[in-house]
Colleague: 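I'd like to ask you about the structure that follows.
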Amino acid sequence: MPKNVEKVENDYRHHIAGRDELMAMKAKHRVLATYSFEPSIIERGYNSRSLYISVGGEYDISNQDELTSSVNGESGIVIGEKAVTEFMKEKFTGGKGFDLYHLWKSVREDTSWNAPVNNIVISPGPLAGITQYPGAGKSLVCSISPLTGLPFDSNVGGFFGPFLKFSGFDILELQGKAEEDLIIFIDGNSRTVSVETAPDEAVDSHILCEQLTEMYAENDDDRMCISVVSSGRAAEHSYIGCLNFSFFDKRRNCVRIKQAGRGGIGAVFRNKKIKAVVIRYRGVHGDSNNPVKKGLINAAGVRLHKEMAHLDTKQNNMRKIGTANIIEVMDRYDLLPTHNFQFGSHPETPKISSKVYIEKYVTQNVPDGCWYGCSMSCAKAADNFELRTGAYKGSKVCVDGPEYENAGGLGSNVGCFDPHWILEANFYCDTYGVDTISHGTMTAFAQECYQRGLYNLDDSEGLDMRWGNGYALNELMHQMTQGKGFGVIVGKGVRQMKRIFAERFGKVAPEFEHMLGSRTWQSIDEPFTDKPIPTAHFNKHLADCKFLKESGYDDEKVLGEIKGTILENAGANNDSAFIANPKRWEKIDGIPTISRDEIADYPVGKPYYSDDPICPYANGRPWVKMTPGQIAEMEEFGMENKGLEYSEYLMKESLAQQGGYALCNKGPQHDEAWLIFMDMVNNQIPTFEDKAEALHYFPMFRTWFGLLGLCKLPWNDVTPVNNKHEKEPAKFPEHVQNYFDIYEGVMGFRHNEASMIRQSERVYTFQRIFILRMGSGRREHDMPPIRSLGPITVDEYLSRKERYDKQLVELLGIDPSGMSVEDKIEKIMEYRKDQFRQLVDAVYKRRGWTPNGIPKLEKLIDIEMDLPELIRVIRPHLKEEGYWPMGTEFEKYEGM
Amino acid sequence: MKRLAADSKKCSGCGACELACSKALFKVEDREKSAIRITARDEGGFDIAVCDQCGDCVWMCSAIALSIAPNGVVRLNRKACVGCLICIGECMRNYIFYNDEFQTPLKCSACGMCVKSCPTGALKIKE
């Protein structure tokens with residue numbers, strides 16, 4: 001065997017039925033509609049047509065582009081085609097741009113995520129599908145997000161996007177809502193589309209993708225020609241549903257899945273009752289994308305392949321361990337989010353370092369690209385991983401991980417420093433169809449609330465929500481699949497949790513205690529089982545990483561305390577040993593039932609009953625409103641912005657990254673800007689103007705990847721030898737030139753930096769106005785939770801005392817000696833809030849927006865996006881703010 | 001292990017091997033379409049670049065188009081190859097080539113056609 005390939009024997013087919021049974025399962029499908037389409041030739045990256053599928057339901061389509069051909073099937077199914085016009089190509093380029101274009105045409109200002117008219121749009125982008133350059137197989141997915149209520153974009157690898165394109169379509173639009181579970185099958189070789197009922201197939205992705213790959217492949221060899229889009233059962237009961245895009249990994253002999261993780265689009269998918277979209281395409285070759293100048297692509301591809309082969313082991317080790325290589329690096333630089341973003345490092349990080357994963361978990365040492373031609377190969381996997389909990393306990397599975405974000409979100413941020421638990425949660429997030437990042441950040445929020453005493457074991461139904469409880473981390477998900485338990489509340493995300501906790505989890509005021517009758521309010525220290533549940537060490541020092549050891553805290557000890565209690569076998573089955581409260585609350589006479597409208601004026605501390613259409617699950621106990629002080633407390637450390645949970649980098653010591661997160665169109669995700677090293681470590685952007693320039697260039701540059709169908713990692717996760725001599729090394733200019741080469745290779749047009757940024761600005765600005773149209777997108781919506789700006793607790797301050805004291809002296813001219821920590825926090829936070837305000841001003845100005853965050857008319861004219869639909873959205877805002885321009889040249893925009 | 005062994009000291013730089021190779025592969029005489037490449041050294045003499053069947057490229061082929069045959073030759077299955085060119089990047093000695101006209105890389109399969117064409121005996125098939 002060449003190199004160090006370590007052959008691991010596995011057979012994941014035992015998870016699914018044999019071929020005969022699969023065929024019997026397939027025979028139960030009822031075909032509701034079929035559609036045949038003509039062959040297409042890709043020209044300059046485009047097929048110039050999209051595939052449209054409505055899975056049923058009635059809704060207004062009057063604003064949408066017309067179908068150029070279509071068929072109507074049973075149960076309201078429509079399959080058809082739309083044209084991809086020159087206008088679309090010029091203004092929106094492709095990928096995320098096309099997705100947002102169709103989404104805009106579909107929804108109205110008041111469309112909610114679960115309306116049938118909300119569509120899921122998937123587009124691979126014009127460069128996607130080339131095999132010669134690493135990272136060219138991305139699909140971009142957009143929909144109205146359940147978490148944010150806003151247009152959301154998420155990118156994902158896997159073979160689906162390229163297969164869709166080679167089958168003949170630039171875009172797949174999924175709209176409507178079905179009455180029963182459906183699958184959609186696109187055969188790119190026989191050029192047919194069918195929509196079929198699928199009553200017996202699994203919902204969870206690791207089983208479903210294996211089933212459908214086996215079912216639709218013509219033989220074993222054909223399995224490489226199948227890709228499946230699916231979600232999972234937890235997406236049915238949470239807002240954090242992800243989409244899985246599969247590919248068959250011939251070396252591992254199994255189906256692998258990659259995730260369009262963020263934003264909850266998997267919840268939209270399952271809400272539409274789509275079980276899966278399956279595509280089959282045989283015949284991928286080096287010219288499948290029909291490039292105009294293939295030589296440019298070949299040369300750029302070989303250049304980068306050589307760099308990877310020569311440099312990766314000396315630099316990031318992506319081929320060996322993927323993004324998990326930075327776990328210990330982030331810890332070293334105080335950037336690894338720990339205990340809900342309080343700290344940036346932890347003494348136990350070595351337990352979850354990349355070395356541990358390499359030695360104990362990641363298998364086979366084979367290239368793990370998620371599309372052909374990726375010599376970076378970061379999509380690592382752990383074979384034959386035996387699960388400890390949940391629906392598949394005891395099963396040996398292939399985990400798509402580890403990845404950095406998972407180690408941060410499912411590890412340090414929730415205080416879990418056990419690599420097994422992290423991988424187990426990673427696996428269950430994927431197969432149940434939930435986003436690992438949101439799951440980590442929302443669990444961390446729930447844990448901190450619990451440990452601050454904002455709710456108790458009665459509220460969590462026995463779930464021990466202390467840092468480091470790996471059982472709880474996984475149990476929350478098992479509960480989400482069942483639609484019951486505390487996990488359902490957590491699964492609605494931090495923004496909804498804040499609201500739900502505020503409505504339900506307050507303390508009964510003494511004057512209302514009599515209303516509970518014979519029941520008493522569960523206190524945190526009162527176990528409700530015969531075996532005692534260990535009393536949590538709720539003092540706040542528990543959370544302080546530097547003082548953890550000194551305060552006697554250690555993970556092993558805490559887990560040891562669980563032994564012999566009800567928590568030991570928690571999560572061992574789906575009924576959950578956690579939900580073991582023997583004293584379930586019965587309805588109490590005399591406690592009033594009020595409507596949702598009445599909650600606002602209802603007294604704090606007085607029990608009541610009500611309902612909640614967003615989260616109907618409740619444990620039967622009467623609700624009690626929290627105090628305004630408790631609500632304000634949660635706002636400070638609930639790490640969400642625009643409704644989306646923060647991704648897993650500690651941002652509080654980098655002003656530029658605070659902006660990178662909060663000023664991100666879709667919510668705090670680092671795919672727009674990752675400026676921490678530039679800002680904090682290398683000090684390359686010292687002034688507000690420098691930071692604003694970075695917060696213009698990088699979000700635009702990174703948006704460009706999403707327009708074209710490219711992965712960002714090959715851009716800067718390997719550094720060219722001469723990069724340090726470049727004028728602007730942070731931009732990796734040599735690699736940017738590679739992208740101009742492959743763009744020219746496919747499209748025939750040579751970009752420069754200005755034309756590239758212009759292309760992105762059109763879509764980026766469009767997305768900002770789209771968000772504005774949906775009721776957000778103003779300055780107030782870009783304001784982050786204050787924990788993201790600096791230390792808000794004594795522990796946080798003390799953990800970096802030297803640094804903060806120094807800043808008080810050097811930046812504020814204050815002598816900290818003799819000041820209380822609380823006073824110091826107040827001073828430093830006042831300063832940081834002001835810095836953030838100034839940053840926002842500078843960034844808005846650089847982006848061509850008003851101080852309230854509204855794109856100016858002059859900006860739209862400049863980037864040739866002065867479209868009537870957009871003008872109509874911004875005009876009232878600009879007039880209100882006094883930024884509507886005067887002059888005859890602007891008169892025509894008055895009547896649009 | 002079967003492979004083509006090259007002795008650059010004996011090479012006259014005539015290029016007959018390149019033409020024989022491209023003819024065997026594509027029925028044309030064009031060194032740019034050959035899996036063996038002769039280049040003149042600045043200091044005199046010639047370098048012969050041709051695959052030595054080390055197999056280091058095999059592990060990175062995700063399409064599994066490259067495999068090691070029982071006789072030790074690293075074989076390229078053109079039907080399975082998706083033209084990603086990773087094998088070229090992976091070859092530390094730069095012994096695999098590509099031509100923009102073709103979908104798949106140019107790689108020596110130790111067929112021996114060049115050996116017959118070499119007038120100086122610089123090339124041999126070794127078992």
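In what follows, chains are A, B, ... by sequence order, proteins preceding strands, each numbered from 1. Since this is a predicted model, take the numbers as computed values, not measurements.
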Colleague: Does CG in Asp42(B) sit with more than 12 non-hydrogen atoms of other residues, nucleotides or ligands closer than 6.0 Å?
Modeller: no
Colleague: What's the separation between atom NZ in Lys294(A) and atom CZ in Phe102(B), rounded to the nearest 0.5 Å?
Modeller: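 These two atoms lie 9.5 Å from each other.
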Colleague: Does a sphere of radius 6.0 Å around CE in Met1(B) hold more than 12 heavy atoms from other residues, nucleotides or ligands, not counting ones at 6.0 Å or beyond?
Modeller: yes
Colleague: Heavy-atom pairs under 4.5 Å with chain A are the metric here; pick the option from Cys91(B), Gly83(B), Ala80(B) that has the most.
Modeller: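 If we count pairs closer than 4.5 Å to chain A, Gly83(B) comes out on top.
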Colleague: With a 4.5 Å cut-off on heavy-atom pairs, point out which of Asn99(B), Thr104(B), Val74(B), Asn94(B) contacts chain A the most.
Modeller: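 The option with the most such pairs is Asn94(B).
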Colleague: May I ask you to test the Met308(A)-Ile86(B) pair for a side-chain heavy-atom distance under 4.5 Å?
Modeller: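 When only atoms from C-beta onward are counted, Ile86(B) and Met308(A) do not touch, as no gap falls below 4.5 Å.
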Colleague: Side chain, backbone, both or neither: which part of Ala299(A) has a heavy atom under 4.5 Å from chain B?
Modeller: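 The answer is both parts of Ala299(A).
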Colleague: Treating Arg251(A) as the side-chain partner and Ile64(B) as the backbone partner, does any N or O pair qualify as donor plus acceptor under 3.5 Å?
Modeller: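 Not a single qualifying donor-acceptor pair exists.
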Colleague: Which residue out of Ser377(A), Cys374(A), Gly286(A), Ser288(A) racks up the most heavy-atom pairs below 4.5 Å with chain B?
Modeller: Gly286(A)
Colleague: Quick one: which of Ala136(A), Gly295(A), Pro134(A) has the most heavy-atom pairs under 4.5 Å with chain B, could you say?
Modeller: Gly295(A)
Colleague: Where is the tightest heavy-atom contact between Cys84(B) and His305(A), given as atom of each residue plus distance?
Modeller: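 Looks like O-NE2, 2.9 Å.
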Colleague: List in chain and number order the residues that pass ring-ring contact (aromatic ring centres under 6.0 Å, His included) with Phe248(A), two or more places apart in sequence or in another chain; answer none if no residue qualifies.
Modeller: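 Phe248(A): no ring-ring contact (aromatic ring centres under 6.0 Å, His included) contacts found.
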Colleague: In terms of heavy-atom contacts, does CD of Glu43(A) have more than 12 from other residues, nucleotides or ligands at under 6.0 Å?
Modeller: no
Colleague: Does NZ in Lys23(B) sit with more than 12 non-hydrogen atoms of other residues, nucleotides or ligands closer than 6.0 Å?
Modeller: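 Counting other residues, nucleotides and ligands, NZ of Lys23(B) stays at 12 neighbours or fewer.
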Colleague: Are Met60(B) and Arg319(A) side-chain neighbours, meaning at least one heavy-atom pair lies under 4.5 Å?
Modeller: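 Yes - at least one pair of side-chain heavy atoms lies under 4.5 Å apart.
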Colleague: Can you name the closest pair of heavy atoms from Gly89(B) and Ala309(A) and give their distance?
Modeller: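 Answer, listing the atom of Gly89(B) first, then Ala309(A): O-CB, 3.4 Å.
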Colleague: Check each of Thr131(A), Val302(A), Leu304(A) against Leu85(B) using the side chain to side chain contact (heavy atoms under 4.5 Å, CB included) test, and report the only one that passes.
Modeller: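 Passing option: Val302(A).
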Colleague: Can you tell me how far apart CD (Glu90(B)) and NE2 (His310(A)) are? Round to the nearest 0.5 Å.
Modeller: 9.0 Å
